Every structure is written in structure tokens, then in C-alpha cells.
Chemist: 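Sharing a structure with you now.
Position 1 is the first residue of the sequence, and the numbers go up from there. Predicted, not measured: the structure shown is a model, and the values here were computed from it.
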Amino acid sequence: MSSTMKEEFYTQKRWLNWMNKVKESNFKLTESDDKSSGAVFIYIMDDVVLACLKVIARSEREIISTEEALAEIEAIRSIVFNEHESLGEDADLMIESLKTSLEAVFVSSQRYITGSFDRESPIERLVAMAMAAEDKGDLDKAFDLLSQVGARVIGGESIPEIAELPYCMTAELMDGIDAISAAMIGEDSYKNEDGSEDSEEND
């Protein structure tokens, strides 16, 4: 490791801050599905997605090597997938779902960094193939296909209108890919930061 101050893209502390916010929210899944209580999960997802996009932006500008970029994504993933205390039954379910969505973000990011993905097939076709694979119980294939969709979205393609998916792993993974898409449209400051820590989220 070089002696220069290594940029931290995401930290354990940041994730635990979010977990505390979830705990404080006493989140409950209700029929009315009051969106405001679930908003924290969207913020968590966006926060992690932006951290991954930041890694990718550094990699593209050759501030960090491909290997370093892959290791950084893996480091963020290990923070997210670390076991943590229960936050209550409903919140735990939401966190599990969130982790599934984020798994798509991590693998899509790594695929994009290494360039190993299908650039030719229409995105709708890849999603349809993923649904078909999941229906057959081949979750690995579904995941593989969707991470390629995610890599293409990181590359700047937009997600075509896809019919409402039934609740399934493919739908959860697509949530993660939608979050990538939204982050790229909404917030491009991550591309220009040089890693100096004066970003707004420092609580």
C-alpha cells in the first residue's frame, strides 16, 4: 500500500449509521405501505450505489487500477454483507431484500470494470432470459444475466420500459440496477470529486 492517504469509498461506520437510522425508524411493513418509513432503505441503496460509481469513476480516470477498483467494490460488499444485529423482523426483511438488490450493483460494477459482459443483446431480452432462468430455478444464470444488464447501465445505456415484474429475485436485482440508473442521471458529482473528504454526508 502506498503511504498516501487512501481514499475511503465506504466505511463500516457509515453502514452502521444507516442501520441505526433503520432501528430508530421502528420500520413495520404495513398494508398501507407508508412510503416515508421505507424511504431510509432507498437512501441506503443510493448511498452504496454512489460509492460504487465513485470507485468506477476513479478507475476510468486511472486514479486507481482495475485490481484496486475490484478490491474496493469487494470491500464495500463485505461491509454490507457483514452480519449485524436484528433490527426487527420487518426491517430485517427489508435489509435482506436491499442486500439482494445491492448484490446486483456490486457484480454489475465489477463486470463493468473488467469489461466482461454482453454488449450486443437487447436489454429487454437479457431481462426476459433472466426471468425464464429464475422460473426454472437457475438463479445463478438469472443473476449472471442481470449483472450484465447492470454493467451496460453503468456504461450509459438506459433501461427500457419493462413490464411490472412479479415479486422475485429478478425484480429485486432490477431494483438495484434501477438505482444505478437513477444515480447516474441524478447525481454526477461523484465523477468529479478527487477524493478529498468534504462531501456533505459526514454525520
Side-chain angles (χ1 to χ4, degrees), residues 7-11 14-15 18 41-81 97-131 133-134 139-162 165 169-195 199 201:
E7 179 174 5
E8 287 198 301
F9 292 96
Y10 205 78
T11 59
R14 188 157 176 155
W15 177 255
W18 282 118
F41 299 102
I42 295 168
Y43 298 146
I44 296 170
M45 176 126 81
D46 289 346
D47 197 38
V48 176
V49 167
L50 283 171
C52 292
L53 290 176
K54 212 187 254 191
V55 172
I56 289 166
R58 298 295 181 280
S59 165
E60 292 194 309
R61 287 166 60 194
E62 297 181 358
I63 295 170
I64 58 177
S65 68
T66 300
E67 289 69 30
E68 286 172 316
L70 293 172
E72 288 294 351
I73 300 287
E74 194 49 52
I76 298 170
R77 183 184 181 281
S78 63
I79 289 170
V80 168
F81 278 83
S97 172
L98 178 75
K99 287 181 176 183
T100 303
S101 300
L102 285 171
E103 186 68 89
V105 175
F106 299 134
V107 180
S108 299
S109 298
Q110 289 173 325
R111 270 192 184 279
Y112 180 77
I113 290 165
T114 57
S116 54
F117 55 95
D118 171 349
R119 291 172 166 78
E120 304 303 319
S121 305
I123 285 180
E124 300 96 311
R125 182 157 171 266
L126 293 174
V127 175
M129 284 163 64
M131 284 293 297
E134 179 171 359
L139 298 182
D140 288 344
K141 183 175 183 196
F143 185 74
D144 184 67
L145 288 160
L146 292 170
S147 64
Q148 301 189 51
V149 172
R152 285 175 52 179
V153 170
I154 294 169
E157 289 186 55
S158 49
I159 301 173
E161 279 299 315
I162 292 169
L165 296 171
M169 184 187 82
T170 295
E172 290 190 328
L173 295 170
M174 284 304 295
D175 279 348
I177 294 167
D178 283 333
I180 297 173
S181 182
M184 291 184 63
I185 296 164
E187 157 97 73
D188 59 2
S189 63
Y190 66 86
K191 289 181 183 156
N192 311 322
E193 285 179 28
D194 52 10
S199 56
E201 173 72 354

Chemist: By salt bridge (charged side-chain N to carboxylate O under 4.0 Å, His left out), which residues pair with Glu157, not counting sequence neighbours?
Modeler: Arg152

Chemist: Can you name the closest pair of heavy atoms from Ile154 and Met184 and give their distance?
Modeler: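 Between these two residues, the closest heavy atoms are O-CE, 3.2 Å.
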
Chemist: Checking side chain to side chain contact (heavy atoms under 4.5 Å, CB included) for the pair Trp15/Ile44: CA distance, chi angles, key distance, verdict?
Modeler: CA-CA 8 Å; Trp15 177 255; Ile44 296 170; 3.4 Å; yes

Chemist: Let me confirm one number: the CG-CD1 distance from Leu50 to Ile180, rounded to the nearest 0.5 Å.
Modeler: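 Separation between the atoms: 11.0 Å.
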
Chemist: Is there side-chain contact between Phe106 and Cys52, with heavy atoms separated by less than 4.5 Å?
Modeler: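 Yes, close enough: below the 4.5 Å cut-off.
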
Chemist: Report yes if the side chains of Tyr10 and Lys54 come closer than 4.5 Å at any heavy-atom pair, otherwise no.
Modeler: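 Contact flag for Tyr10/Lys54 side chains = no.
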
Chemist: For Ala130, give me all partners under side-chain contact (heavy atoms from CB on, under 4.5 Å), at least two apart in sequence or on another chain.
Modeler: Ala142, Leu145, Leu146, Thr170

Chemist: Which atoms form the tightest heavy-atom contact between Lys99 and Phe81, and what is the distance?
Modeler: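 Smallest heavy-atom distance, with atoms named: O-CZ, 3.5 Å.
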
Chemist: Could you work out, with side-chain hydrogen bond (donor to acceptor under 3.5 Å, both in side chains) as the rule, every residue matching Ser158, not counting sequence neighbours?
Modeler: none

Chemist: Any idea which heavy atoms bring Ser59 and Ala69 closest together, and the distance?
Modeler: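 Nearest heavy atoms, Ser59 then Ala69: CB-CB, 3.7 Å.
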
Chemist: Going by the rule salt bridge (charged side-chain N to carboxylate O under 4.0 Å, His left out), which residues pair with Asp144 if we only count those two or more places apart in sequence or in a different chain?
Modeler: Arg111

Chemist: Could you list the residues that satisfy side-chain contact (heavy atoms from CB on, under 4.5 Å) with Ala179, not counting sequence neighbours?
Modeler: Met45, Asp46, Val49

Chemist: Listed by chain and number, what are the side-chain hydrogen bond (donor to acceptor under 3.5 Å, both in side chains) partners of Ser116, not counting sequence neighbours?
Modeler: Thr114

Chemist: Can you tell me how far the CE atom of Met169 sits from the CE atom of Met174, to the nearest 0.5 Å?
Modeler: 12.0 Å

Chemist: Hey, are the side chains of Tyr43 and Asp47 touching, using non-hydrogen atoms and a 4.5 Å cut-off?
Modeler: no

Chemist: Can you list the residues that meet the side-chain hydrogen bond (donor to acceptor under 3.5 Å, both in side chains) rule with Ser97, with sequence neighbours excluded?
Modeler: Glu172

Chemist: Name the one of Ile76, Val107, Leu173, Val80 that satisfies side-chain contact (heavy atoms from CB on, under 4.5 Å) with Leu102?
Modeler: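 For Leu102, the side-chain contact (heavy atoms from CB on, under 4.5 Å) test succeeds with only one of Ile76, Val107, Leu173, Val80, which is Val80.
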
Chemist: Mind checking side-chain hydrogen bond (donor to acceptor under 3.5 Å, both in side chains) for Ser65 and listing every partner two or more places apart, or none if nothing turns up?
Modeler: Glu68

Chemist: Roughly how far, to the nearest 0.5 Å, is OG1 of Thr100 from CG of Leu139?
Modeler: 10.5 Å

Chemist: List for me each residue that meets salt bridge (charged side-chain N to carboxylate O under 4.0 Å, His left out) alongside Glu103, sequence neighbours excluded, and say none if there are none.
Modeler: Arg77

Chemist: Under the criterion side chain to side chain contact (heavy atoms under 4.5 Å, CB included), I'd like the reasoning laid out for Tyr112 against Ile73: C-alpha separation, chi angles, the key distance, then a yes or no.
Modeler: CA-CA 11 Å; Tyr112 180 77; Ile73 300 287; over 6 Å; no

Chemist: Give a yes or no on this: more than 12 heavy atoms of other residues, nucleotides or ligands lie within 6.0 Å of atom NZ of Lys141.
Modeler: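 Count not over threshold, so no.
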
Chemist: Any side chain to side chain donor-acceptor pair (under 3.5 Å) involving residues 174-185? Give me the pairs, sequence neighbours left out, ordered by first then second residue.
Modeler: none

Chemist: Ser109 versus Val55: any side-chain heavy-atom pair under 4.5 Å?
Modeler: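 Not touching, per the 4.5 Å side-chain cut-off.
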
Chemist: Just verifying a value: how many Å separate Glu8 CD and Glu72 CD, rounded to the nearest 0.5 Å?
Modeler: 9.0 Å

Chemist: Locate the shortest heavy-atom distance separating Ala104 from Ile177; write the atom from each residue and the value.
Modeler: CB-CG1, 4.4 Å

Chemist: Under 3.5 Å, which donor-acceptor pairs do the side chains of residues 120-127 form with other protein atoms, sequence neighbours left out?
Modeler:
from, atom 1, to, atom 2, distance (Å)
Ser121, OG, Asp118, OD2, 2.6

Chemist: Please check this pair: side chain of Ser108 against backbone of Ser147, looking for a donor-acceptor N/O pair closer than 3.5 Å.
Modeler: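 The answer is yes, because a donor-acceptor pair under 3.5 Å joins these two groups.
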
Chemist: Just how far is it from atom CG of Leu53 to atom CZ of Arg58, taken to the nearest 0.5 Å?
Modeler: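 Between Leu53 CG and Arg58 CZ, I get 11.0 Å after rounding to 0.5 Å.
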
